[in-house]
Amino acid sequence: VGKDIVYFHALFWPAVLHGADFRKPSGVFTHGFVTVDGKKMSKRRGTFIMARTYLDHLSPEYLRYYYASRLGPGVDDVDLNLDDFVQRVNSDLVGKLVNIASRCAKLCGGKLGPNMDPTLTFDTADTESIAARLEGREYAKAITQIMAQADKVNAYIADRAPWKLAKEGGNEDAVKEICTTGLNWFRRLMIMLKPVLPQTAAKAEAFFGEDTPWTWQDANTPLLDCEINPYTPLMTRLEKKSVDALVSPPVAEAKTDNEISIDDFTKIDLRVARVTKASLVEGADKLLQLELDVGEHERTVFAGVRAAYNPKDLEGKLVVLVKNLKPRKMKFGVSEGMVLAAGPGGSEIFVVSPDSGAKPGMRVK
């Protein structure tokens, strides 16, 4: 309950229960107020956020983590500082936690090895300490302890540099051990964060191919010598514009005529294309590089669908290409068009695909 009504729940209500011969509460969990950027929520000030508005733009996992990283057992107010919110999510969840899995998964070859590096073993005292802090509602201290372990794992991976060993060749066993160690630590950290990040934990369970949901005790038992599923990004970086939209006043719909003529439509050259190859783009967490067969020639397009598709799942798929879109020069190469897709974004993107009878190069009319 909020701290401003604690006397009702800690004095009057227990008195009513006592008089009616019902059991009184064994405890009353009380919290402070939530402010936004240091101010009370106010529509006039632009600091009022509706839950529905938040969900229209961002995953609830981000906010659950941010609140957990700030909450303690007392009644202090919690400030949702939007700049700090972006920085903390991108730094902790994407830059530290998910980064462990993304660095190790692609080098593991779809299977965990039989051994972990003995220099980075599990300590049951850590899980017991974190469990005690969660039970005691010392959430911020628990998060700090978990992220300190994530720092240790990232430092281990950076020091061992398995990607360099893989390039040198002849180090398959060492690469496997390092990546198996990193992925087991990622699994351990996700188990401890499952109370805070249940949706992400469920995705991680699927990645490791585990049919039974994790329990707290699983954090102390490594997963060895078994197949794992192809890795897909579990989280993406927060964009400041998405966060700004939470408190931006609604923009009135412009009263303009959005209809176009048939002449306007025919300016757009839409063609059926087949994805001959799809691959990840190094240094871009949203893009996939698509090689397209457009009938008489091939084209390269960088499409922002990485969160929704495994590259192999796109190969052989028919798509619709905006052929006459001006090529865009990017640091990864030149994107020669645009592939049509629908959806709100993130992991909910659906590539538009023609019927199987269509052929590469056909014009969409």
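Numbering of residues begins at 1 and proceeds along the displayed sequence.
- With contacts defined as side-chain heavy-atom distances shorter than 4.5 Å, the pair R88/Y65 qualifies.
- Salt bridge present: K323 and E296 bring a charged side-chain N and a carboxylate O closer than 4.0 Å.
- Summarising the geometry, atom NZ belonging to K359 is positioned 8.5 Å from atom CG belonging to L318; distances are rounded to the nearest 0.5 Å.
- Using a 30° and 60° split on the angle between ring planes, F208 and W214 fall in the tilted class, from 30° to 60°.
- Salt bridge present: D117 and R160 bring a charged side-chain N and a carboxylate O closer than 4.0 Å.
- With hydrogens and angles left out, the side-chain atoms of D77 and T35 include no donor and acceptor closer than 3.5 Å.
- In this structure, R52 pairs ionically with D56, as a charged nitrogen and a carboxylate oxygen lie closer than 4.0 Å.
- Of all heavy-atom pairs spanning L238 and L58, the tightest one is CD2-CD2, 3.3 Å.
- When all heavy atoms of G136 and P73 are compared, the closest pair comes out as O-CB, 3.7 Å.
- Figure legend: R188 and F122 shown as a cation-pi pair, the cationic atom lying under 6.0 angstrom from the six-membered ring centre and within 45 degrees of its axis.
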Given side chain to side chain donor-acceptor pair (under 3.5 Å), test S279 with Q289 step by step and report yes or no. CA-CA 5 Å; S279 55; Q289 180 174 336; 4.5 Å; no
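- Salt bridge annotation for K286-E239: present, with a cationic side-chain nitrogen under 4.0 angstrom from a carboxylate oxygen.
- Under 4.0 Å is where a charged nitrogen must lie from a carboxylate oxygen, and between D225 and K111 at least one such pair does.
- Among residue pairs with one or both ends in residues 202-216, those qualifying as salt bridge (Lys or Arg N to Asp or Glu O under 4.0 Å) are R187-E210, K194-E205; sequence neighbours excluded.
- Ring geometry for Y231 versus F207: interplanar angle over 60°, hence perpendicular rather than tilted (30 to 60°).
- Judged purely by distance below 3.5 Å, without hydrogens or angles, the side chains of D263 and S261 never pair a donor atom with an acceptor atom.
- Under the 4.5 Å side-chain criterion, counting only non-hydrogen atoms from C-beta, L224 is not in contact with N115.
- The shortest heavy-atom contact between L183 and C108 is CD1-SG, 3.9 Å.
- In this structure, M362 and R271 have side chains that are not in contact, with every pair of non-hydrogen atoms separated by 4.5 Å or more.
- A donor atom on one side chain and an acceptor atom on the other are not found under 3.5 Å apart for E291 and T276.
- Atom NZ of K277 sits about 10.0 Å away from atom OG1 of T300, to the nearest 0.5 Å.
- Between the S129 side chain and the A125 main chain, no donor and acceptor come within less than 3.5 Å of each other.
- Taking the side chain as every heavy atom from C-beta outward, D4 and F33 approach each other to under 4.5 Å.
- Contact annotation: the side chain of N154 approaches that of R103 to within less than 4.5 Å [non-hydrogen atoms, C-beta and beyond].
- One finds no salt bridge joining D285 and R306 here, because no Lys/Arg side-chain nitrogen approaches an Asp/Glu carboxylate oxygen to under 4.0 Å.
- Scanning both residues, A142 and L134, for their nearest heavy atoms gives CB-CD2, 3.7 Å.
- For T127, the side chain to side chain donor-acceptor pair (under 3.5 Å) partners at least two apart in sequence or on another chain are N220.
- Side-chain contact between V1 and V28 is present, with heavy atoms from C-beta onward closer than 4.5 Å.
- The shortest non-hydrogen separation linking T30 to K3 is CG2-CA, 3.6 Å.
- Not a single donor-acceptor pair under 3.5 Å links the side chain of R64 to the backbone N or O of L197.
- In this structure, V320 is not a member of the same hydrophobic cluster as F302, with clusters built from ILVMFWY side-chain heavy atoms closer than 4.5 Å.
- N171 contributes a side-chain N or O that, together with a main-chain N or O of G169, makes up a donor-acceptor pair within less than 3.5 Å.
- With contacts defined as side-chain heavy-atom distances shorter than 4.5 Å, the pair L314/V319 does not qualify.
- Closest non-hydrogen pair, A278 versus E315, comes out as N-OE2, 3.1 Å.
- Looking only at side-chain heavy atoms (C-beta outward), P114 and T180 stay at 4.5 Å or farther from each other.
- Among the candidates D313, V275, L340, V339, the single residue satisfying the side chain to side chain contact (heavy atoms under 4.5 Å, CB included) test with V351 is V339.
- Ionic pairing of K240 and D83 is present here: one or more N-O contacts between side-chain nitrogen and carboxylate oxygen are shorter than 4.0 angstrom.
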